[in-house]
Structures are given as structure tokens and as C-alpha cells.
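Written out below as C-alpha cells is the structure these notes cover.
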There are 2 protein chains.
Amino acid sequence: MMTVRQDVHSADIPVLCQSCEARHRGVCGALDPDQLVALSKTSSRHKIEPGIELIGDAEAIDSYSNVLSGVVKLTKGLSDGRQQIVGLQFAPDFLGRPFKVESAINAEAATAVSLCTFPKATIDRMMKESPELEHRLLKQTLNELDDAREWMVTLGRKTASEKVASFLLMIARNIDPTADPTAKSATFDLPLTRADIADFLGLTIETVSRQMTRLRTDGVIRIENNRHVTVDSLGRLERRSGA
Amino acid sequence: MMTVRQDVHSADIPVLCQSCEARHRGVCGALDPDQLVALSKTSSRHKIEPGIELIGDAEAIDSYSNVLSGVVKLTKGLSDGRQQIVGLQFAPDFLGRPFKVESAINAEAATAVSLCTFPKATIDRMMKESPELEHRLLKQTLNELDDAREWMVTLGRKTASEKVASFLLMIARNIDPTADPTAKSATFDLPLTRADIADFLGLTIETVSRQMTRLRTDGVIRIENNRHVTVDSLGRLERRSGA
DNA sequence: CGGGTGGTTGACTAAACTCAAATGATGTGG
DNA sequence: CCACATCATTTGAGTTTAGTCAACCACCCG
């Protein structure tokens with residue numbers, strides 16, 4: 001006679017987690033079924049409208065989240081209102097700053113976003129118990145640092161037209177994680193408005209718009225409804241991105 | 001009768017490590033005496049001349065280092081020669097990129113530098129065994145990410161004069177870790193040439209020079225021998241840095 | 001003393017910004 | 001379904017900031 005279940009109290013992972021991308025490529029992959037069950041007791045999923053602020057600058061942080069879908073923008077502001085987007089988070093990124101009481105950045109939903117949110121205390125405790133969780137976090141943080149430094153080159157040394165090309169290329173590569181990275185073409189919806197793109201690239205809205213129309217009239221991209229973009233030759237776009 | 005030593009084979013830490021800053025504020029603080037002894041068997045100290053390349057872009061990484069003194073600049077280049085400094089490392093920062101076979105950045109001694117260098121394999125093994133080591137590394141990486149993002153605001157949204165002021169302020173705060181962070185004035189040697197500063201700020205040498213002379217003629221800073229800078233009022237400098 | 005390196009200064013240019021207006025998309029109430 | 005309001009985006013004209021090119025200065029070292 002066969003047993004359906006090996007172990008009644010640890011073999012099952014929570015229903016919510018079963019098909020969750022964060023369990024495969026995200027930090028939850030570090031947790032065993034028992035830990036997932038414990039965590040899922042205090043976690044909750046949310047749908048967030050675009051434009052909603054998730055974390056405010058200088059606000060106390062009392063929760064972390066996984067991004068399950070959509071795009072979150074991380075911004076920093078100057079006192080006179082100038083803004084800079086310092087990072088974008090896609091699924092299944094972990095959102096939050098461990099080891100700090102208050103945030104130094106703003107996080108805002110750029111598109112509709114769904115999150116899986118946990119109490120900070122629970123994750124902080126699990127980090128102490130599970131080196132594998134810290135390990136995953138270290139890996140993601142190192143990747144974010146690589147990305148941030150890559151972007152510093154774009155901000156500091158590229159021309160407006162190279163910046164816009166770099167941005168489109170970055171989005172094309174991140175927006176659809178299932179897409180073939182060696183694909184020659186891509187089509188996607190921009191997760192950001194022109195104002196956001198300007199804040200990401202350190203440019204004005206007008207300059208972004210002009211460079212976009214230039215790419216369009218040069219036949220590098222096609223644009224529908226302002227947001228939907230098709231790139232027929234990613235190689236051609238890349239050649240315009242500096243790199 | 002009393003014993004001088006509790007445990008003959010673990011109580012002693014290597015002579016080299018005894019007064020080493022990396023053991024207090026750096027990653028070596030995560031290691032117990034046994035691990036320090038093991039590590040010190042394969043580690044070595046070096047004095048490096050300014051301008052010497054420590055890690056090349058796209059080169060295989062086979063060692064890590066602690067910065068014991070001096071300043072290391074991390075740079076990324078574009079194919080046509082444009083360069084951007086994406087980070088500066090001061091004592092007792094850990095230098096190296098875990099979990100990657102080859103480096104995506106260059107590291108070069110900006111000043112005379114002394115390093116304590118370890119084989120990559122040894123540290124990689126210790127990271128697996130010692131969660132505390134990964135923990136320290138995670139903390140440093142998160143701090144570097146905060147710094148990088150702070151700098152993205154400077155690169156993307158500040159004017160040339162704010163950039164130079166921000167740079168001087170950052171150096172004043174980092175160059176002498178023993179200095180009182182609430183001090184009102186500071187004096188230091190710039191660890192970078194004008195060309196380096198330009199590559200850090202996304203400006204040209206000429207613009208950096210002009211902004212420096214402007215700060216000098218406005219009485220915000222005093223300069224001797226091109227490199228030695230005195231700031232009488234850090235508050236006054238900060239007001240010119242955007243923030 | 002001559003040449004090299006690093007830094008400053010000046011005159012001119014070009015890239016991106018500002019201000020302003022037109023166009024296009026979206027949504028609402030009549 | 002249309003007229004209208006609103007918001008995002010584009011386009012144009014003129015201005016500003018930082019870049020370019022070139023000359024010059026100071027210092028160091030052989």
C-alpha cells in the first residue's frame with residue numbers, strides 16, 4: 001500500500017506559494033516548507049494601483065515585500081523637488097532595506113503591482129535562522145549594485161539619445177523574464193510615463209520625447225498609443241546605446 | 001594554579017590581524033581566531049602605487065582584498081573611451097565581487113594603497129561555513145548600494161557646481177574615519193586628480209577646475225598645492241551641494 | 001634647462017533646458 | 001454619440017549650461 005503523503009506536517013507548501021515565482025527565482029526559494037507555512041500565516045497579497053506610494057523617504061519600515069507582478073520605481077528627491085529614479089524592481093524582486101530602521105528612498109508603484117507583504121520582524125528573525133535566506137538576499141543585492149553602477153555610467157557619461165536607447169534596451173530585457181535573451185526583436189508596454197523616464201535618465205520630458213521621436217523616425221522603434229513599443233532590431237538599438 | 005592560556009590552539013589571533021582595522025570594522029570581524037589563523041596562512045599584504053590596476057574589466061577574479069589604507073577607485077568604461085567612476089573604496093572595505101567568475105568593473109589604486117589579499121577559494125569556502133561572514137558582506141553591499149543610489153541623484157539631477165560641492169563633502173566625510181562626524185570644518189588631501197574627479201562627477205576636467213576655483217574665490221574652500229583642501233564651514237559647503 | 005604632467009583660464013560651440021503652444025488620448029456628463 | 005475637460009505627449013523657438021579647443025602656468029624630475 002502506498003502513502004499519499006510522506007510527512008503530514010512538513011511536506012505541504014502553502015497554496016499561495018505553490019505557483020509563486022518568488023519561490024523559484026526569488027528569496028522564498030531559500031525557505032523550506034515549514035518556514036513557508038509559518039511565513040504565509042503572516043503574509044498577505046495586495047493589488048496596488050499605479051502611483052500609490054509603498055514606502056516613503058524617512059519613514060519607518062515595518063514590512064518587506066516580494067514584487068509578484070508590475071514595476072516598482074525607487075526614487076530619491078532633492079529638497080527643491082528635483083527627482084531621480086534610482087532603481088526599478090520587477091518580479092520576483094525583494095523590496096525593502098534590511099538592517100535599517102527608516103528608509104532613505106521612496107518606493108512607488110509605476111504600473112499596477114501585486115505584492116506579497118511580510119512583517120519585517122518575521123523576515124528579520126528568519127534571516128538570523130536561515131543563512132540561505134541571507135545568501136539569496138546578498139545575491140540580489142549584489143545584482144542591484146551591479147545594475148546601479150551600470151546606470152551610473154549611463155547617467156554620467158552618455159548622451160541624451162544614448163540614454164533613451166539604453167533605457168528601452170533595459171526595459172526590453174527586464175519586462176518579460178520569459179523572453180529569450182538572445183531574441184532579435186521585442187515588443188512591450190513601457191512601465192513608465194515620459195516624466196518617469198526623464199527622472200530615470202536625468203533628462204527633461206521634452207528631451208525624452210524628442211529622442212523617442214528620433215528613434216521612431218529613424219525606424220529603430222515603432223510606437224502605438226504612446227506606451228506600446230516595438231523594437232525590430234535589438235542589435236540596432238544597442239548600437240545606439242553607447243555600451 | 002592558573003593557566004595562562006585557556007586553549008592553546010585557538011586563543012591566539014595572527015600578529016598581522018591584531019591591530020588590523022578590518023578585524024574591527026571590516027569583514028574579518030566575522031571570523032573566529034581559528035579562521036583568522038587559517039586565512040592568514042594564505043593571505044598577504046601589499047603596498048600598491050597609485051595608478052596600478054588591481055582588477056581589470058572582464059578579467060577572471062581569483063582573489064579578494066581588504067583595503068587597509070588609501071583609496072581604490074572602481075571604474076566602468078564605454079567602448080569609445082569615455083569613463084565613469086562608479087565607486088570609491090576606503091579602509092576597511094572589502095574589495096571583490098562574490099558569485100561571479102569575471103569582474104564587470106575595473107579597480108585601480110587612486111592613491112598609494114595597502115591591501116590584504118586572500119585567495120578567492122578560501123573566502124568562498126569560509127562564506128559557506130560562516131553565516132556571519134556573509135552577514136557582514138551583505139551589510140557592506142547594502143551600504144554600497146545606498147551610496148551608489150545617492151550618487152545617481154548627484155549624476156542625474158545636480159548642476160556642475162552642486163556636483164563638485166557634493167564630491168568634496170563626500171570626501172571630507174570618508175577620508176578620515178576617526179574624524180568627528182559633527183565637526184564643522186575639515187582639511188584633507190584629495191585622493192583623486194581633477195581628471196578622476198571629472199570621471200566621478202560626469203563632467204570635464206575644465207568644468208571641475210572652474211567650479212573649484214569658484215568655490216575658492218567664494219571663500220568656501222582653500223586649496224594648497226592643488227590637492228590639499230580646507231573647508232572652514234562644512235555647513236556652507238553642504239548648502240551648495242543640493243541635498 | 002627642457003620636457004612631461006597636472007591644473008587653470010579664455011573664447012567659442014553645442015547639447016540639453018526652458019518656456020510656450022499645439023496635438024492627441026481618455027474619460028465624463030448631457 | 002458628441003462636446004468638453006483633463007492629462008500626457010509632442011513640437012517649436014530661444015536660452016543656458018557645460019563641453020570643446022587652445023593657450024598658458026606651475027611643478028617635478030632627469
Side-chain angles (χ1 to χ4, degrees), chain A residues 49-51 73 78 80-84 110-112 154-168 189-218 221-229 240 242, chain B residues 49-52 73 78 80-84 108 110-112 154-168 189-218 221-229 240 242:
Chain A
E49 293 297 302
K73 58 181 187 184
L78 262 21
D80 63 359
R82 281 175 286 177
Q83 263 213 342
Q84 176 69 42
T111 64
T154 301
L155 288 172
R157 286 302 184 202
K158 290 188 186 175
T159 65
S161 98
E162 289 169 337
K163 284 180 177 182
V164 171
S166 302
F167 170 74
L168 292 173
D189 281 312
L190 288 174
L192 303 184
T193 65
R194 299 290 186 276
D196 284 337
I197 299 172
D199 280 346
F200 196 34
L201 296 172
L203 298 171
T204 58
I205 297 177
E206 293 95 325
T207 300
V208 171
S209 177
R210 281 184 243 273
Q211 297 304 330
M212 295 275 274
T213 46
R214 187 143 182 279
L215 285 173
R216 183 167 46 72
T217 58
D218 288 0
I221 59 174
R222 281 175 286 147
I223 305 179
E224 287 162 72
N225 296 333
N226 288 334
R227 287 287 193 118
H228 194 75
V229 174
R240 290 183 175 237
Chain B
E49 294 298 302
I52 300 297
K73 57 180 188 186
L78 262 21
D80 63 358
R82 283 174 285 177
Q83 264 213 341
Q84 176 69 42
E108 184 182 323
T111 63
T154 301
L155 289 172
R157 286 303 185 202
K158 291 189 185 175
T159 64
S161 98
E162 289 170 337
K163 284 180 176 181
V164 172
S166 300
F167 170 74
L168 292 172
D189 282 312
L190 289 174
L192 303 185
T193 65
R194 297 291 186 274
D196 285 337
I197 299 172
D199 280 347
F200 197 33
L201 296 173
L203 298 172
T204 58
I205 297 177
E206 294 93 325
T207 300
V208 171
S209 179
R210 280 186 245 273
Q211 297 304 330
M212 294 276 274
T213 46
R214 187 141 184 280
L215 284 174
R216 183 167 46 71
T217 58
D218 288 0
I221 60 174
R222 280 175 287 150
I223 305 178
E224 287 163 72
N225 296 332
N226 288 333
R227 287 288 194 117
H228 193 75
V229 175
R240 291 183 173 238

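First the proteins, then the strands, lettered A, B, ... as listed; each starts at 1. Only a predicted model underlies this, so the values are computations on that prediction, with no experimental measurement involved.
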Check: Which parts of nucleotides 8-24 of chain C does protein reach within less than 4.0 Å, heavy atoms only, written one letter per nucleotide 5' to 3' as B for base, S for sugar-phosphate only and - for none?
Finding: BBBB----SSBB-----

Once you round it to whole Å, what is the distance between [atom2] of [N] and [atom1] of [X]?
X: Arg82(A); N: dT17(D); atom1: CZ; atom2: P; value: 13 Å
X: Asp196(A); N: dT9(D); atom1: CG; atom2: C1'; value: 14 Å
X: Arg214(A); N: dT11(D); atom1: CZ; atom2: P; value: 14 Å
X: Lys163(B); N: dA18(D); atom1: NZ; atom2: C1'; value: 9 Å
X: Ile197(B); N: dG6(C); atom1: CD1; atom2: P; value: 13 Å
X: Glu224(B); N: dG7(C); atom1: CD; atom2: C1'; value: 16 Å
X: Arg227(B); N: dT5(C); atom1: CZ; atom2: P; value: 16 Å

Next item on the list: Determine yes or no for a side-chain-to-main-chain donor-acceptor pair under 3.5 angstrom, with Arg240(B) supplying the side chain and Ala165(B) the backbone.
Entry: no

Note to self: Determine whether a donor-acceptor pair (N or O, by modelled atom type, separation under 3.5 Å) exists between the side chain of Glu49(A) and the backbone of Ala112(A).
What the structure shows: no

Next item on the list: Take the C1' atoms of the five end pairs on each side of the helix from dC1(C)-dG30(D) to dG30(C)-dC1(D), get both axes, and report the angle to 10 degrees.
Entry: 30°

Notebook entry, point to check: What pairs of residues pass the side chain to side chain donor-acceptor pair (under 3.5 Å) test when at least one of them lies in residues 206-215 of chain A, not counting sequence neighbours?
Noted result: Thr204(A)-Thr207(A)

Checklist line | Nearest heavy atoms of Arg194(B) and Asn226(B), plus distance in Å | finding: NH2-O, 3.0 Å

Note to self: With rounding to the nearest 0.5 angstrom, report the CG to CG distance, Leu190(B) to Asn225(B).
What the structure shows: 11.5 Å

Next item on the list: Output yes when Lys73(A) and Asp199(A) qualify as a salt bridge under the 4.0 Å nitrogen-oxygen rule, no when they do not.
Entry: no

Next item on the list: For residues Thr193(B) and Arg227(B), determine if any side-chain heavy atom of one lies less than 4.5 Å from a side-chain heavy atom of the other.
Entry: yes

Notebook entry, point to check: Are the side chains of Phe167(B) and Leu192(B) in touch, meaning some heavy atoms are under 4.5 Å apart?
Noted result: yes

